[in-house]
Amino acid sequence: MTTDRPADPRARWAYLSQSERDAAYDVVTAVKNSAELSAERNAASAQARARLRSVLDLAYGPRQNARIDLYPAARPDAPCLVFWHGGYWQKNSRELFAALVEGIAAHGWSVAIAGYSLAPEVTLTDIVAESRAALDWLAAHGVAGPVVTSGWSAGGHLVAMTLDHPLVTAGLSIAGVFELGPLRDTFLNAALRLTDAEIETLSPLRLPPVKKRLDLAYGTRELPALVLDSRDLHARRDAAGAPGRLLPLPGHDHFSILAELRRPDGALVQAARALIG
């Protein structure tokens, strides 16, 4: 594992221009082919959602996006991967990530892709509450096998925020966001409208570590702020005796890393399986 830490733009945060602060979290601009990668994933997801055995649009709450797409395994007691999508809590939807199902499903797992309401229509407090409600719903509706939660980007944050849920065995966060304070000074806050209380209580780096296993994955070509969020959360958890691995994936950026969850032999599929091994 690399021990080199990238330079942290937040170390000079007070001296940065608005454009420099925005660039520290602008994953779309940082990955030049992000639009092509997302378009390919969206198209593959439309095909997978239409083709795979599934029970779609299961309501777990009153809002329109509070829905789960369930891709059940043959065995009712199979392990289940619960996945939350990214988009900085303000973009995307569960339908655009069905392409991620087949990698882990090839190993006999069920997959539940949980949607959630988006800012600015709701607050981040509401979104975290919905993610917990999704797990409540799954627990009440017969998910019998071990549950591994996973999520990408903003979804990786939701993994950390729900690790203490009784249904959850372990978590796999992918390029997660774990410190919210700097986001208030970027373009992202126009929709998020983060409060002081939310920054304090919804930043995993400010919370006591949950003693369940949490693996933290990121691409080595990821933005420094997100690399450091994963590295710092792992260090904080390790110091507290909380189990989990740090998984830097060589050559991957914020978008290409999802390929490792789409293939049966992908590194993230292997990581998820190892969490219940």
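Computed from a predicted structure; not experimentally measured. Side-chain atoms are counted along with the backbone in the values below, which use heavy atoms only and exclude waters and symmetry mates.
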Worksheet item: Side-chain contact, heavy-atom cut-off 4.5 Å: Leu249 with Glu222?
Response: no
Discussion item. Whether Arg262 and Glu40 form a salt bridge (side-chain N of Lys/Arg under 4.0 Å from carboxylate O of Asp/Glu) is what I want to check.
Written reply: yes
Discussion item. Going by ring-ring contact (aromatic ring centres under 6.0 Å, His included), name the pairs with one or both residues in residues 251-277, residues two or more places apart or in two chains.
Written reply: Trp152-His254, Trp152-Phe255
Discussion item. A side-chain contact here means heavy atoms from C-beta on lying under 4.5 Å apart; do Pro264 and Glu102 qualify?
Written reply: no
Fill in: Electrostatic pair Asp26:Arg21 at N-O distance under 4.0 angstrom
no
Worksheet item: What pairs of residues pass the ring-ring contact (aromatic ring centres under 6.0 Å, His included) test when at least one of them lies in residues 119-144, not counting sequence neighbours?
Response: Trp137-His141
Discussion item. Counting C-beta onward and ignoring hydrogens, is there a side-chain heavy-atom pair between Glu95 and Ile113 closer than 4.5 Å?
Written reply: no
Worksheet item: Is Arg184 paired with Asp196 through a side-chain N to carboxylate O contact shorter than 4.0 Å?
Response: yes
Practice prompt. Compare all side-chain heavy atoms of Trp89 with those of Leu118 and state whether any distance is below 4.5 angstrom.
Written response: no
Worksheet item: Do Tyr25 and Leu226 come within less than 4.5 Å of each other through their side chains, counting heavy atoms only?
Response: yes
Worksheet item: Is there side-chain contact between Ile127 and Val122, with at least one heavy-atom pair below 4.5 Å?
Response: yes
Worksheet item: Which pairs pass ring-ring contact (aromatic ring centres under 6.0 Å, His included) with one or both residues in residues 53-76, sequence neighbours excluded?
Response: none
Worksheet item: Under a 4.0 Å N-O cut-off, is there an ion pair linking Arg49 with Asp57?
Response: yes
